[in-house]
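The structure under discussion appears below in the form of structure tokens.
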Amino acid sequence: MNELADLSYALDTFYFLICGVLVMWMAAGFSMLEAGMVRSKNTAEILTKNIALFAIACTMYLLVGYFIMYSSSAGGFLPNLGFLIGAENSVDAVTAGGDDAPYYSMRADFFFQVVFVATAMSIVSGAVAERMKLWAFLAFAVVMTAVIYPVSGYWTWGGGWLAEAGYSDYAGSGIVHMAGAAAALAGVLVLGPRKGKYGKDGSIHAIPGANMPLAALGTLILWMGWFGFNGGSELKMSDIGSANNVAQVFVNTNAAAAGGVIAALILAKLWFRKADLTMALNGALAGLVAITADPLSPSALSAAMIGAIGGIIVVAAIVTLDKLKLDDPVGAISVHGVVGIWGVLAVPLNNADATFSAQIIGIVGIFAWVFLASLVVWLILKAIMGVRVSEEEEYEGVDIAECGLEAYPEFSVKK
């Protein structure tokens, strides 16, 4: 490699790593958002879930997941399961550059991919909050990050059958976000709603979160991290074309988030007669999820419109899921699942290389696999160890039952 090639390699590797760090920072965003949206008696447990799931995701993807996702044959349906017989892990196969190497370090690629896996798993955490057993959740995280996500990831980014069918998903509205929501939906169906959420007469009782400043902080951290999520998916920036693409992706990502906030806030005011902060926060995330499938092709104004439609959809979806008695404390299924579908379907509106038929096939394929596989795992965990805490533990808060401590002990009334 000549000096210019060496410099490009170093720059693209560094850019890839920094974007991965931004995506890793989204773990803090999910933690703060979920901690703010649950009741104070469940805060320590949900923070424990978030840091533990990140560690599990990183470890399982290192041991198994990356191999499945990127060591399988192109165009195939069944992934490579060579790890079962001790085949060399692809993480260690290529570590540095050379004449026949890609334009960035493969170790940087692994790092960027592993934080995406953790993002998908983080989506599940908020949806099952306040009533799931901690260790059942962590056991599911092992399977989700080792096998379930990597299989559909192989079908798409790994060059499998969905990639061959023409499915297009730039940074993962369907591959990451809808997949996480599908796993969450399966868990919510097995788990059931929180006590007191729904009345026998069909009434819906709001259960407010304990800390709106934390929820807002978490949303803004996620908004910031999303620049790495989408921007890093360009994969390089060391030439003029790639650098311009990165700039376009950043602008569109920001525009979509802003559009989502404005649309959700206006709809909440018209519908509920109040400027609902939680809807504004979910509107921002909905805009981000919507644009993730293609943050490069649209103009900035089109990106804002895609995000705004996502903001409208998420408000309607949250209300609808409540009416269906699907209890999701943070709105994760609506934000990442329903709006993720919209994001995937929006790609052909601006990208002439994408088709609605391929996008629909991708949606059905990813959702069906992740939902059904997750449902099986949840049901097995329910039979073996149970997935729900007792009614008494739920009433007292899972902080004490699962973690043996409280997030805000000075607020407790001592008996």
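Residues take their numbers from the sequence shown, with the count starting at 1. Only heavy atoms go into these numbers, but all of them, side chains included; no hydrogens, no water, no symmetry mates.
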A side-chain contact here means heavy atoms from C-beta on lying under 4.5 Å apart; do [X] and [Y] qualify?
X	Y	value
V344	D169	yes
V249	Y170	yes
F111	V21	yes
I333	I123	no
V398	E130	no
M212	T278	yes
E406	I400	yes
K269	L265	no

Inset, instruction - Could you tell me which residues satisfy salt bridge (Lys or Arg N to Asp or Glu O under 4.0 Å) with E394, sequence neighbours excluded, listed by chain and number? - result: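 Partners of E394 by the salt bridge (Lys or Arg N to Asp or Glu O under 4.0 Å) criterion, ordered by chain and then number, come out as R388.
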Run the ring-ring contact (aromatic ring centres under 6.0 Å, His included) test against [X] and tell me which residues pass, sequence neighbours left out.
X	result
Y15	none
W157	F116
F371	F367
F16	Y104, F112

Inset, instruction - Output every pair passing side-chain hydrogen bond (donor to acceptor under 3.5 Å, both in side chains) with a member in residues 19-36, not counting sequence neighbours, ordered by first then second residue. - result: E34-N50, E34-S125
Inset, instruction - Evaluate the criterion side-chain contact (heavy atoms from CB on, under 4.5 Å) for residue pair L62 and F110; output intermediate values, then yes/no. - result: CA-CA 8 Å; L62 172 68; F110 169 76; 3.8 Å; yes
Kindly write out the residues that satisfy side-chain contact (heavy atoms from CB on, under 4.5 Å) with [X], not counting sequence neighbours, or none if the list is empty.
X	answer
D327	R131, P193, R194, K197, Y198, P329
A257	W223, L288
S302	P298, S299, N350

Inset, instruction - Decide, yes or no, whether a salt bridge links K133 with E402 under the criterion of side-chain N to carboxylate O below 4.0 Å. - result: no
Legend entry - All pairs passing salt bridge (Lys or Arg N to Asp or Glu O under 4.0 Å) where residues 231-247 contributes a residue, at least two apart: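 Residue pairs passing salt bridge (Lys or Arg N to Asp or Glu O under 4.0 Å), neighbours aside: K236-D239.
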Legend entry - Of all pairs that satisfy salt bridge (Lys or Arg N to Asp or Glu O under 4.0 Å), the ones with a partner from residues 43-72, not counting sequence neighbours: none
Legend entry - Spacing of L405 atom CG and D399 atom CG [to the nearest 0.5 Å]: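 Between L405 CG and D399 CG, I get 6.5 Å after rounding to 0.5 Å.
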Legend entry - Distance in Å, I309 CD1 paired with W342 CH2, rounded so as to fall on 0.5 Å steps: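 The CD1 atom of I309 sits 4.0 Å away from the CH2 atom of W342.
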Inset, instruction - Carefully, step by step, assess D109 and Y66 under the rule side chain to side chain donor-acceptor pair (under 3.5 Å). - result: CA-CA 10 Å; D109 178 74; Y66 189 68; 2.5 Å; yes
Inset, instruction - For the pair Q248 and N252, evaluate side chain to side chain donor-acceptor pair (under 3.5 Å) and give the outcome as yes or no after the intermediate values. - result: CA-CA 6 Å; Q248 183 69 28; N252 285 351; 3.2 Å; yes
Legend entry - Minimum-distance pair of heavy atoms, taken over all atoms of L33 and A215: CD1-O, 3.7 Å
Inset, instruction - Anything under 30° is parallel, anything over 60° is perpendicular, the rest tilted; go ahead and classify W226 against H336. - result: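 Parallel, since the angle between the ring planes stays under 30°.
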Inset, instruction - Output yes when a side-chain donor or acceptor of S233 lies under 3.5 Å from a complementary backbone atom of A171, and no otherwise. - result: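 No; zero donor-acceptor contacts below 3.5 Å.
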Could you go through residues 144-155 and list every donor-acceptor pair under 3.5 Å that involves a side-chain atom there, pairing it with any protein atom two or more places apart or in another chain?
unit_1, atom_1, unit_2, atom_2, d
T145, OG1, A141, O, 2.7
S152, OG, Y149, O, 3.2
Y154, OH, S73, O, 2.6
Y154, OH, G76, N, 3.2
Y154, OH, G76, O, 3.3
W155, NE1, F77, O, 2.7

